[in-house]
Amino acid sequence: MRVAVLGGGYAGLMVTRELEERLPPGDELVLVDETGEHLIQHELHRVIRYPTFADDIAIPLGELTTRAAIREATVTDIDADAGTVALADGEAIDYDACVVALGSQTADYDIPGVAEYATPLKRREHAATLRRDFLDAVETAGGTAVVVGGAGLSGIQTAGEFAELADREGVRDDVEVVLVERSDTVAPSFPENFRDAARNALRDLDVRLETGTEVTGVTATDVRTDGDAIPSDVLAWTGGVRGPDALGEERRGVRADLRLSDRTFVTGDAADIVDADGERVPASAQAAVRASPTVARNVERVLDAARAGESVGHLEKWAFETPGWLISVGDDAVAQLGPEVFRGAAANVIKTSVGLTYLAEHGSLRDAIRVVRDELGDERVLPDRPDLEP
């Protein structure tokens, strides 16, 4: 039997690790990813301020798996009925079960100019481009306008990094950071006390908030809205998500068993999931990680039924339960645990502990130590000092 896992992000890596423990020795497990690396996506915004941090959040998938064959390739199409995956190099992979975990792409909603003039934040090279554009603008302009489109969690973190970068470069008085959001509040899909804490953290960094503002177009020099145009020397776009190209840019809708077809499952940001409680699951790293055991157990049941020549019976259903949410806002942080929301040192300790656990379990202890010391502001090992070892 052959199982193909498509994508090496949070969902794909976690499902692969679960399947490595569950599949019998004779089964083949193939993990397909176009970069061959696992990116710690929730720390990507840090690279805007600390460029060498990029090396600490990208880990070769071969170092994180024990028996999966890693195939570095781009998936172009999935035929769930035929059980085949088409790759950009012209080859195809046949499978007995497949998990589609290709993540999402940034949505531009066909707004004129966004694709041409804005930079998303999905890869390390995006963070490097945003940093370079910022430094170039600061060097050549008397005053610099940085606009971040979309005030979800990624947009909030990105705006915070630009504000701190301006301070680090000694140009804070010459830089205006503007966060634009169509909804009437930042973090619109989150609880009110979390939204309030995030908004206050941004205001403490002098980030200008333009909520209730819809972007209608973008040029090389400004962001046009349903109100006034906003000058823009640097534009980061975090305004929404769409499905991967291999799924026709669609986030595929699935129910709580995460089953797309008889032997194909979809999870992570590539899926639009309604869970066992009838709730729509937010696209997030947390959801991707938490769904992976259910996906792996359901794959195992599909394979067991195929081996026995039987139809698949009951599949496990998943309900998303979250202990809370964590984001960085520059050197500040906002943490929600249950009904309580924290900022400042307490929130940073919580966020750093989560990052330490993830990297220590799924990356390396050395990288975990570097991340923790960076988060806590230890000047001895900040990522722009690669010559110093923890």
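Keep in mind that this is a model prediction, so the values were computed, not measured.
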side-chain contact (heavy atoms from CB on, under 4.5 Å) assessment of V215 paired with T213: CA-CA 7 Å; V215 175; T213 301; 5.8 Å; no
Side chain of T35, backbone of E37: donor and acceptor closer than 3.5 Å? yes
Ignoring hydrogens and angles, tell me if any N or O in the side chain of R131 forms a donor-acceptor pair with the backbone of I48 under 3.5 Å. yes
Take I78 and L6, measure what side-chain contact (heavy atoms from CB on, under 4.5 Å) needs, and give me the verdict at the end. CA-CA 10 Å; I78 302 152; L6 312 180; 3.7 Å; yes
For R199, which residues count as a side-chain hydrogen bond (donor to acceptor under 3.5 Å, both in side chains) partner, sequence neighbours excluded? D196
Just by distance, do the side chain of R301 and the backbone of H314 share a donor-acceptor pair under 3.5 Å? yes
Whether T119 side chain and H126 backbone form a donor-acceptor pair below 3.5 Å: no
Between the main-chain N or O of A151 and the side-chain N or O of E181, is there a donor-acceptor pair closer than 3.5 Å? yes
Within 6.0 angstrom of R259 CZ, more than 12 heavy atoms from elsewhere: yes
Heavy atoms from other residues, nucleotides or ligands near CG of D228 exceed 12 (cutoff 6.0 Å): no
Do Y10 and H38 have a side chain donor and acceptor closer than 3.5 Å? no
Ignoring hydrogens and angles, write down the donor-acceptor pairs under 3.5 Å from the side chains of residues 229-237, residues two or more places apart or on other chains.
unit_1 : atom_1 : unit_2 : atom_2 : d
S232   : OG     : V234   : O      : 3.3
D233   : OD2    : A145   : N      : 2.8
W237   : NE1    : A107   : O      : 2.8

Just wondering, do W318 and N298 contact through their side chains at under 4.5 Å, heavy atoms? no
Rounded to the nearest 0.5 Å, the CD atom of E20 sits from the CD atom of E18 at a distance of 10.5 Å
Test of understanding: clusters of I, L, V, M, F, W, Y form through side-chain heavy atoms closer than 4.5 Å, transitively. Do V281 and V241 belong to the same one? no
So how far is it from D167 CG to L165 CG, rounded to the nearest 0.5 Å? 9.5 Å
Gap separating the CD atom of E169 from the OG1 atom of T144, nearest 0.5 angstrom: 11.0 Å
Treating Y109 as the side-chain partner and G239 as the backbone partner, does any N or O pair qualify as donor plus acceptor under 3.5 Å? yes
Straight-line distance of R290 CZ to D275 CG, nearest 0.5 Å: 12.5 Å
Let's go through I57 and V47 carefully: what are the C-alpha distance in whole Å and the side-chain angles of both, what is the deciding distance for side-chain contact (heavy atoms from CB on, under 4.5 Å) to 0.1 Å, and is it a yes or a no? CA-CA 9 Å; I57 61 170; V47 180; 3.8 Å; yes
Using the rule that two of Ile, Leu, Val, Met, Phe, Trp, Tyr join whenever any of their side-chain heavy atoms come within less than 4.5 Å, decide whether V223 and L202 are in one cluster. no
Over 12 foreign heavy atoms within 6.0 Å of CZ, R255: no
Using the rule given for side-chain contact (heavy atoms from CB on, under 4.5 Å), can you reason through R49 versus R168, listing the C-alpha separation, both sets of side-chain angles and the distance that settles it, and then say yes or no? CA-CA 8 Å; R49 194 172 10 152; R168 184 177 178 84; 4.0 Å; yes
Can you see whether K317 engages T294 through a side-chain donor-acceptor pair at a distance of less than 3.5 angstrom? no
Main-chain N/O of L23 paired with R67 side-chain donor or acceptor, under 3.5 Å: yes
Which residue pairs pass the side-chain hydrogen bond (donor to acceptor under 3.5 Å, both in side chains) test with at least one member in residues 82-101, sequence neighbours excluded? R71-D89, R71-E91, Y95-T264
Would you tell me whether T225 and E210 have side-chain atoms, one donor and one acceptor, within less than 3.5 Å of each other? no
Using a cut-off of 6.0 Å, state whether more than 12 heavy atoms not belonging to R343 lie near its atom CZ. yes
Atom CG of D257 and atom CZ of F265: how far apart are they, to the nearest 0.5 Å? 6.5 Å
Atom CD1 in I327, atom CH2 in W325: separation rounded to 0.5 Å? 11.0 Å
Keeping S284 on the side-chain end and A287 on the backbone end, is there a donor-acceptor pair under 3.5 Å? yes
